[in-house]
Enquirer: 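Following this message is one structure expressed as structure tokens.
Scope of the values below: all heavy atoms of this structure, side chains included, with no hydrogens, waters or symmetry mates.
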Amino acid sequence: MFKKVFYLILFYLITSTVVVGQVSFAIDTFEINEVTITDKAFRGQMRGISEQEWTKNKLENNNGNNLSELLNQKAGIFVKHYGPGTLSTVSIRGSSSSQTAILWNGIPIASPTLGLLDLSLIPLAGFESVKLQKGSNNSLWGSGAIGGNVQLNNKLTSPIRYQDQGFGFNAELNGTIGSFNQRNGSAILGYGGQKLYARTKVLINSTENNFPYQKDISLPNIRLENAEQIGIHFFQDVAWEVSKKHRILLNYWYSSIDRNIPPTMVQNQSSASQYDLSNKIMLTWENENSFGNFTSKIGLIDEYNDFRDENISLESSNYFQNLFAESNFTKEWKRHKFLVGLSALRTKASTASYEINNSELKTAIFSTYNFKYKNLDLQASLRAELVNGEFIPLVPNLGFSWLMNDYLQLKGNVGRNYRLPTLNDRFWRPGGNQALLPESGWSQELGLQGSLNADNVVYEYAITGFNRNVDNWILWALDQDIGFFSARNIAKVWSRGLEPRFGATIEQWNQHFKIQFQYDLILSTNEKAIILPKIDVGSQLWYTPRHQGSIFFDWSYKNMGLNYSHYFTSSSQGINDSIDGYNIGNIRFNYEFVREEKPILNMDSKFKFQSINLFIQFNNLWNKRYFIIERRPLPGVNGQVGARLKLF
Amino acid sequence: MKKLFTFLLITSFCSLFAQTTADFENFDLPIDSFLNGSDGNGGFDAGNVFLNNNYNAGYDSWTGWSISTTTDVTTAGFTNGFSSFVGAGAEGSQTYATSFSFGPSIIKLTNDAMGEEVRGLYISNATYPALSMINGDPYAKKFGGPTGDDPDYFLLTIQKYLDGNLSDEKVEFYLADYRFDDNSMDYIVDTWEWVDLTSLGQVDSLSFELSSTDNGGFGMNTPAYFCIDNLITGDGVSSTNNLIDFTYHVFPNPTADFLNIDFNENEAADYKIFDYSGRMMANGNLEANSKNVINLNQFEAGNYVLVIESEEGYHRSIFTKM
């Protein structure tokens, strides 16, 4: 084991050293006011799949505060949300909670013990952009990206003005208050110049989550108890342009979340609480020259959580540490583009429920080839992975996009997918099963998309069909032979569906109107009958609605903006009960005061008041009583008001 | 009053004379301790029964039966997985057995009890399911639901195996019952209750299976625990003996020191006196057409069964020692 780690580190150092000696570096500019350091999109690009990206501006004007709310309200994917203060996970195209890769600047951050990440703990204000890619991405990102992936990026940018003036600051202050004693505050300070720039973010949020709800429609409202939460996040991003060829990036993310776990609707009270402490740090070395581009990164994730419940005299602590290293090289030549990379992930985990502290080493080599010919863009990817010394089958992927005409693009993708068992699946006592096989299968998707300009109206349209089979699906089920629940490869799931989209944008009377419809038909069915848990052949997966739809309406005029979104989710089957379908609406109004070029506080002339954005929003506007998970209450109508002050 | 009720239950269906009580005190466990099968013996011998245990050393977990003297009636959750909700064994004893199983829990009859009738046993809730039913927990509902009107129940069904076959005959015991129209009558058992099993007839093994109205995709949500104590088996006397009428007179009843038996049959017979737990307290011979006096000075106050038996059959009667 140590020998392998040694060779891995040696390879990492050698490749880093060799490529660092290459030539020139280019800055890729694509936004008006900011300089993007590099365009590393090729590492994470997959042709022929569906993706959505929310940049900083879009994130700022989003209704939600955390990743769970963004994906729920903007992405049209199902978020399995246990209610405020409790677990939120995502299900993409009928996948399980652990079949979505969550990446922070390209490294996986989901817990290796559980295989998932609580999305409600990820504040949107911490990131410059968030990208969602649906479909199988396993050839690029490895285990877990069966349903898709979510990329959180701290892509550091330096305002052009600093580069012109040598050195400067920008700053941003945010404050929000909301229903149920919700308080969010953040301070962001950017500083630097042509060679060195950095950004510091501090985010604090707290809420009592004591919203009123009815345990039964015949009963009066009571307030949710034991649901308080307080979270602190600290981000530090630094970029140093060593020379025109080389750049070093440092990203650090600290988070500390203390929360109480509320009772279910069939529980009198809860005394449960959970504390999550996480440190993530990553160092990246980038080199770009005429021969090609080289990126090398090393990262460490150190995470601890402690669950306590006085009522049941339980205290459970879990700890894991991920050490991640990756090097990749990209070469573009005429119509061809290649990428080859090597990654390694060493995991250590400990919990009282493991017999021993466990570790795991995953090493992978991955490559991508892209070929462009006229309007056709082809891409092939291949990944080979070694897990604790054992090869898993090669993971290929093939994608294309073809611009058929000015109005229509055809795209498609086919790839193998897999997910390795989590450490809990393998080592938890009781029930861990070290003989588990990876979940595996194939995914395909085909889509049409395009846009049409007609006078002052732009129409956008898309439809995507997908198909995915996953065998050896891991479930914890009763093993009749030993009388315990244990992790086993007992299920087989077939997912398929359609995702039509339509939007229209109108510019009229100095106003901007946009309306967008999206609908997801998802059939994700069990293909094997199982006695316990009781699963019939052809039955839809639990907590997987067949139908989801949403309508978004945006209006803006000068410095004002209004958006309304309405969501429909069909009924689904939970573990205990069937869950009724629901439809809810959210509304948000923004007003921005822009007072550029007017210095404030008699400070340095570079330090100017840029804008104040005020907003008010209401969630669940029609005060619907609804459930995502049975027995877990969700709030009725609730609101937030806030302000964002930008200094430049 | 409870003893008398229990006593009557025992005696009203009694067809066996010799009996053994599995009271689990033979394990000599100190208070607030338990045996979860980690010795690897696969179960526990007590009286003339064997309680199956499935202990997994790799997981340090068990299913089946455990032996317990834990007394915690306030701590909820699986960390309190051995305690009876009474906080002790039946009739004030210290030791009892706790079952935890996703499927049926089995008790095998051994020695002289094999193939014989089982008189019955005491049953109570374990603390874990009892508090779960009272308050709810993250996985299981509070019984009655938010309104208190849900017709919930937690049912223990006891069946027998004989000659390898599971019989359709069963005895049902509700550990909790919220099906009453009047919610004030809803109950969760918090005492030891005697359950008569003589209706099952001859038994090789007993099967105990829990069911609940609170079920999910993974099976029953209500924690699958319950407790038993003082399991009485009938030993070694054929249950084919006939219940017949002897001509005799027992007096006085109640009595203080002596019991008179005027035995008016032409053939001699034997007598046996059992206490409520099946322990034989006295025995002897009754001559034909004889008057007999039995000294009760060593008997504690309580109810007793007098059994008179001959080759033709037996008869029983009840008397009370004051």
Enquirer: Tell me, out of B:N80, B:L131, B:T75, who's got the most heavy-atom pairs with chain A below 4.5 Å.
Expert: B:T75
Enquirer: Output the option from A:S353, A:A272, A:G431 having the highest count of non-hydrogen pairs under 4.5 Å with chain B.
Expert: A:G431
Enquirer: Less than 4.5 Å to any heavy atom of chain B: does that hold for the side chain of A:I575, its backbone, both, or neither?
Expert: both
Enquirer: Hey, is NZ on A:K534 packed in by over 12 heavy atoms from elsewhere, all under 6.0 Å?
Expert: no
Enquirer: Around atom CG of A:N221, are there more than 12 heavy atoms of other residues, nucleotides or ligands at under 6.0 Å?
Expert: yes
Enquirer: Can you tell me how far apart CD1 (A:I535) and CZ (B:F218) are? Round to the nearest 0.5 Å.
Expert: 7.0 Å
Enquirer: Please check if the number of heavy atoms outside A:K528 that lie under 6.0 Å from its NZ is greater than 12.
Expert: yes
Enquirer: Using non-hydrogen atoms and a limit below 4.5 Å, what part of residues 306-316 of chain A faces chain B?
Expert: A:N311, A:I312, A:S313, A:L314
Enquirer: Looking at B:D181, I want to see if its CG is surrounded by more than 12 non-hydrogen atoms of other residues, nucleotides or ligands under 6.0 Å.
Expert: no
Enquirer: Do any of residues 208-215 of chain B come closer than 4.5 Å to chain A, heavy atom to heavy atom, and if so which ones, in number order?
Expert: B:D214, B:N215
Enquirer: What residues of residues 133-154 of chain B sit under 4.5 Å from chain A when only non-hydrogen atoms are counted?
Expert: B:I134, B:N135, B:G136, B:D137, B:P138, B:Y139, B:A140, B:K141, B:K142, B:P146, B:T147
Enquirer: Verify the neighbour count for atom CD1 of A:I217: are there more than 12 heavy atoms of other residues, nucleotides or ligands below 6.0 Å?
Expert: no
Enquirer: Around atom CD of A:E527, are there more than 12 heavy atoms of other residues, nucleotides or ligands at under 6.0 Å?
Expert: yes
Enquirer: Once side-chain contact (heavy atoms from CB on, under 4.5 Å) is applied, do any residues pair with A:W476, and if so which ones, sequence neighbours excluded?
Expert: A:D425, A:W428, A:A487
